[in-house]
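Have a look at the structure below, then the notes.
Labels below follow one simple rule: chain letters A, B, ... track the order of the sequence lines, proteins then strands, and each chain is numbered from 1. Remember, predicted model here, so these are calculated numbers, not experimental data.
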Number of protein chains: 2
Amino acid sequence: MPDNQRHQPIELAKSYRLLNHGPVTIVTSSHNGERNIMAAAWAMPLDFDPPKVAVVIDRNTWTRELIEASGRFALNIPTRAIASQVLAVGASSGREGDKFAALGLETFTGSSDLPLVAGCAGWLECRILPEDSIQQRYDLFLAEVTAAWADPQLYSDGRWHFPTPDSRTLHYIAGGAFFVTGDELAL
Amino acid sequence: MPDNQRHQPIELAKSYRLLNHGPVTIVTSSHNGERNIMAAAWAMPLDFDPPKVAVVIDRNTWTRELIEASGRFALNIPTRAIASQVLAVGASSGREGDKFAALGLETFTGSSDLPLVAGCAGWLECRILPEDSIQQRYDLFLAEVTAAWADPQLYSDGRWHFPTPDSRTLHYIAGGAFFVTGDELAL
């Protein structure tokens, strides 16, 4: 499938559904021609419409500097296919060189200059809300979702599909281990 | 197994691991002899040590009133065995009568008077942090974890076990559907 068919826009008011089941995320950021990538398990929806998210970004990271400078970040929702890269992005600092290239991660852009990671299931482009006090005290960023995308083979019409084992999303445990998103429970 | 052996204390600095993989939670609260229960998918760890959590609690709920009055809540992490009750707690208001009894949910207490729901995998007792501004603007509560418990058959020594299909935790999708926590991915 051509790359531009691997990400289709998602209705903003339903974009929380990409994050609702608690998957691990990759945070991407860029500013003045520099960019970085980190993993974040502590991300969740905060509101439906307009959609908002909350994410914890440690103050000692290069990503944090880029986000505070640009006011923007993207949440990428990785699949099992790139699980080893999700772990690897936490093992080095972007200050030491471009981690995308080092990890062989390709990117594309959506509605801004934020790098979106190919091979993910969904993507949320976000603009941070001016809540300096909780940013400083808790490393907690609140942001509005300004654009959302999903791979239509994995998510469409508001529903996840996961057609192959490698297409499932991930949930971070600790110590380099994930759970794979399991089966849907029909009640 | 006697009921008092179904919840063992968890080291506070590792209590984030109960919530790290993004499971759906049940929020319980109590104040002046009244108590309530609601489901919350939007909950996540906020810090390791002292452990903190963030959770979204809608302003129109009875639970919200009890939490604001008492300054406390518990996050219960349900298993597949009680998935239908997790859905049902969202279908009525505690103002109309005790939902625990109506749903046949048994409770016990840990280190406070907060009701903890039997049949869950883990429990976090929390005291809210005084962040009135974001509570009012975003319905977002930040809280410190004051005690943590887990069912040792499901979680021990910092690791999840899930010995049976019914013992797995849940991830809320939307529209009454869950994903079950899947297999661990060894990398």
So which atom in [X] and which in [Y] form the shortest heavy-atom distance, rounded to 0.1 Å?
{"X": "M44(B)", "Y": "A43(A)", "value": "SD-N, 3.4 Å"}
{"X": "W160(A)", "Y": "I173(B)", "value": "CD1-CG2, 4.4 Å"}
{"X": "H171(B)", "Y": "H21(A)", "value": "ND1-O, 3.0 Å"}
{"X": "W42(A)", "Y": "D47(B)", "value": "CZ3-N, 3.5 Å"}
{"X": "A83(A)", "Y": "L185(B)", "value": "CB-CD2, 3.6 Å"}

State whether the number of non-hydrogen atoms from other residues, nucleotides or ligands found under 6.0 Å of R137(A) atom CZ is greater than 12.
-> yes
So which of L46(B), T181(B), D139(B), V24(B) has the biggest tally of heavy-atom pairs under 4.5 Å with chain A?
->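 Maximum pair count with chain A is reached by L46(B).
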Look at R168(B), R159(B), R17(B), E131(B) and state which one has the largest set of heavy-atom pairs under 4.5 Å with chain A.
-> E131(B)
Top contributor to chain B contacts, counting heavy-atom pairs under 4.5 Å, from G182(A), P45(A), G22(A), A174(A) =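 Most heavy-atom pairs within the cutoff with chain B belong to P45(A).
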Please round to the nearest 0.5 Å and tell me the distance separating atom CG of L129(A) and atom OH of Y138(B).
-> 4.5 Å
Decide yes or no on ring-ring contact (aromatic ring centres under 6.0 Å, His included) for F179(B) and F179(A), but give the supporting numbers first.
-> CA-CA 12 Å; F179(B) 289 121; F179(A) 289 119; over 10 Å; no
Applying the 4.5 Å side-chain criterion to the ILVMFWY set and letting contacts propagate, would [X] and [Y] be lumped into a single cluster?
{"X": "V117(B)", "Y": "L75(B)", "result": "no"}
{"X": "M38(B)", "Y": "L66(B)", "result": "no"}
{"X": "L140(A)", "Y": "F48(B)", "result": "yes"}
{"X": "L103(A)", "Y": "W123(A)", "result": "no"}
{"X": "Y155(B)", "Y": "F162(B)", "result": "yes"}

Examine whether an atom of A54(B) lies under 4.5 Å from a heavy atom of chain A, and if so say whether it belongs to the side chain, the backbone or both; otherwise answer neither.
-> both
What part of [X] gets closer than 4.5 Å to chain B, counting heavy atoms only: side chain, backbone, both or neither?
{"X": "K52(A)", "answer": "side chain"}
{"X": "L19(A)", "answer": "neither"}
{"X": "V55(A)", "answer": "backbone"}

